[in-house]
Amino acid sequence: MSFSSDIIEWYNKHHRHLPWRETDNPYYIWISEIILQQTRVVQAISYYHDLITHFPSVEDMAQASEESILQLWQGLGYYSRARNLHATAREIAHKHHGTFPASYHDLLALKGVGPYTAAAIASFAFNLPHPVIDGNVMRVLSRYIGISDPINSSKGKKLIHDALSALFDNNNPANFNQAIMELGALICKPTSPDCDYCPVRSECFARNHGCVDILPVKSKKKPARNRYLHYWVIENQGNYLLHRRTANDIWKNLHEFLLIESPVPLTEFDILNANPIHPDIVLSKPDFVHHQIHQLTHQTLYVQFYHLHTMHFEPKNDFFWVKEYELKNYSMPILLRRFTDKYLI
DNA sequence: AAAACGGGGAC
DNA sequence: GTCCCAGTTTT
């Protein structure tokens with residue numbers, strides 16, 4: 001029939017039942033779409049549930065602290081999403097008087113909402129005719145149309161955009177968008193796609209030319225850089241020294257122990273010889289040392305934890321003491337959360 | 001246009 | 001190990 005009717009018919013029969021598909025409330029759609037940015041559906045589900053349970057309305061989220069949202073976001077990564085979620089909830093509650101923006105243009109103006117998310121909310125919550133372009137859509141169209149330019153290049157993106165405009169179904173925006181993304185997720189997968197079950201296989205360029213496994217083309221990305229993190233896990237009578245990261249770096253606004261970082265490897269001797277607090281503050285030898293490698297997309301972290309004791313002192317700058325059993329109440333990157341769970345709780 | 005921003009899962 | 005995930009923001 002047509003691309004749109006083919007994929008929508010397939011979608012109606014085979015789609016997954018996901019929590020955010022049971023609602024057209026823009027607030028819930030918004031939360032789900034922010035979570036789903038660069039995040040797999042299976043990982044998103046429990047976070048979505050936790051967030052809407054703690055903050056049933058945008059006013060609830062607006063009244064909450066950023067820290068409380070970061071705590072619920074722990075382990076999900078790309079923490080600017082959580083910070084923007086909080087800022088945008090306040091923006092909507094106060095400047096929009098609690099009414100969610102209902103146009104693509106107004107949605108796009110929200111922090112953390114880009115072209116994809118604005119189109120997703122516009123179509124799913126308001127059934128407005130804005131096509132979404134995400135990783136699924138780019139993969140489906142690069143194969144279906146036969147786009148050999150890298151999909152992360154300007155030319156590739158324009159070809160995708162133009163092809164999508166031609167195929168888009170203005171009469172069924174929400175269903176079209178759901179269908180094409182679901183097709184990418186379930187059938188037109190990155191590796192070993194199930195072309196035999198694809199509703200549009202007969203007109204698919206890649207299928208007809210035997211190049212399903214080389215499309216989409218993507219230009220290479222930079223290799224990860226190395227960072228060497230030395231955490232001083234300093235204890236005084238069941239209290240631990242903590243602070244909040246505020247630099248424009250990974251884990252902004254999350255908490256951590258005292259950190260000494262070097263761009264090159266250092267020995268334990270090098271590290272422990274330098275007192276990071278003050279010459280007058282006596283530190284014990286470490287009780288134990290834990291080391292591990294933590295792989296991020298653009299960085300490889302070589303991490304050492306030195307657990308040691310000290311006398312009480314008044315922390316400088318933004319450091320403060322936290323009782324061991326209250327460490328769980330401070331947002332931390334998953335790397336540190338796992339360390340405290342394993343050794344300190 | 002390119003880089004930065006997390007973490008997990010599939011291969 | 002590599003790639004990619006319902007991308008956005010900053011440089």
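So you know, we letter chains A, B, ... as the sequences are listed, proteins then strands, and number each from 1. Quantities reported herein were computed from a predicted structural model and do not represent experimental measurements.
- Spacing between atom NE2 of His298(A) and atom C1' of dA2(B) amounts to 11 Å, rounded to whole angstrom units.
- Looking at Asp196(A) and Arg207(A), a side-chain N of the basic residue comes within less than 4.0 Å of a carboxylate O on the acidic one, giving a salt bridge.
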Chi angles and distances behind the side chain to side chain donor-acceptor pair (under 3.5 Å) call for Gln71(A), Glu67(A) = CA-CA 6 Å; Gln71(A) 285 182 29; Glu67(A) 168 66 11; 2.9 Å; yes
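- Side-chain N/O atoms of Gln299(A) include one lying less than 4.0 angstrom from OP1 or OP2 on dC5(B).
- Rounded to whole angstrom, the span from the CD1 atom of Ile35(A) across to the P atom of dG6(B) amounts to 16 Å.
- When the nearest nucleotides of DNA chain B are assigned to Gly77(A) and Val42(A) by heavy-atom distance, the more 5′-ward of the two goes with Gly77(A).
- dC11(B) and dA6(C) are spaced 14 Å apart, taking the P atom of each and rounding to whole Å.
- Here dC11(B) is the nucleotide among dG6(B), dC11(B), dA6(C) with the atom lying nearest to any side-chain atom of Thr191(A).
- Ranked by how close their nearest DNA chain B nucleotide is to the 5' end, Arg83(A) and Asn152(A) are led by Asn152(A).
- Atom CZ of Arg338(A) is separated from atom C1' of dG6(B) by 11 Å (rounded to the nearest Å).
- One interatomic measurement links the two molecules: NE2 of His161(A) to P of dG7(C), which rounds to 17 Å at whole-angstrom precision.
- dT11(C) sits 14 Å from dG6(B) when the P atoms are compared, rounded to a whole Å.
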Applying ring-ring contact (aromatic ring centres under 6.0 Å, His included), run through Tyr231(A) and Phe339(A) and close with a yes or a no.
-> CA-CA 11 Å; Tyr231(A) 279 113; Phe339(A) 173 84; 8.4 Å; no
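- For dG6(B), the base has a donor-acceptor partner in the side chain of Thr297(A) [N/O atoms by modelled type, under 3.5 angstrom].
- The side chain of Trp20(A) lies closest to dA6(C) when the candidates are dG7(B), dC5(B), dA6(C).
- Going from atom CH2 of Trp30(A) over to atom C1' of dA6(C) covers 17 Å, rounded to whole Å.
- Environment of NE2 in His291(A): sparse, with no more than 12 heavy atoms of neighbouring residues, nucleotides or ligands closer than 6.0 Å.
- Counting non-hydrogen atoms of neighbouring residues, nucleotides and ligands closer than 6.0 angstrom, the NZ atom of Lys252(A) exceeds 12 such neighbours.
- If you check dT8(C), dG6(B), dC5(B) against the side chain of Pro115(A), the one that comes closest is dT8(C).
- Listed candidates were dC5(C), dT9(C), dA4(B). Nearest to the side chain of Asn84(A) is dT9(C).
- Checking dT9(C), dG6(B), dA6(C) against the side-chain heavy atoms of Tyr79(A) singles out dG6(B) as nearest.
- Picking from dA6(C), dC5(B), dG7(B) the nucleotide with the shortest atom distance to the side chain of Tyr78(A) gives dC5(B).
- Ion pairing of Arg83(A) with Glu66(A) is absent here, as no side-chain N (NZ or NE/NH1/NH2) approaches a carboxylate O to less than 4.0 Å.
- The side chain of Gln38(A) places no N or O atom within less than 4.0 Å of a non-bridging phosphate oxygen (OP1 or OP2) of dC5(C).
- Two residues, Arg139(A) and Leu110(A), neighbour DNA chain C, and the one matched to the more 5' nucleotide by heavy-atom proximity is Arg139(A).
- Judged by atom type and distance alone, Arg21(A) reaches the base of dA6(C) through a side-chain donor-acceptor pair under 3.5 Å.
- The residue among Val113(A) and Arg40(A) whose nearest nucleotide of DNA chain C is located toward the 5' end is Arg40(A).
- Under the stacking criterion of a centre-to-centre distance below 5.5 angstrom and an interplanar angle below 30°, Tyr116(A) is not stacked against the six-membered ring of dG7(C).
- Contact annotation: Thr117(A) reaches the phosphate of dT8(C) (side-chain N/O to OP1 or OP2, under 4.0 Å).
- In this structure, the CG atom of Leu186(A) is 12 Å from the C1' atom of dA6(C), given to the nearest Å.
- In terms of heavy-atom proximity, Leu70(A) sits nearest to Asn253(A) at CD1-O, 3.6 Å.
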Parsed dot-bracket for DNA chain C after applying the Watson-Crick and G-U rules with both distances under 3.5 Å and | for other-strand partners is ||.||.|||||
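- Asp6(A) places no side-chain N or O within 3.5 Å of a backbone atom of Val200(A) that could act as its donor or acceptor partner.
- Here dT8(C) is the nucleotide among dC4(C), dG8(B), dT8(C) with the atom lying nearest to any side-chain atom of Gln37(A).
- Across all non-hydrogen atoms, the minimal contact from Ile35(A) to Tyr47(A) is CD1-C, 3.9 Å.
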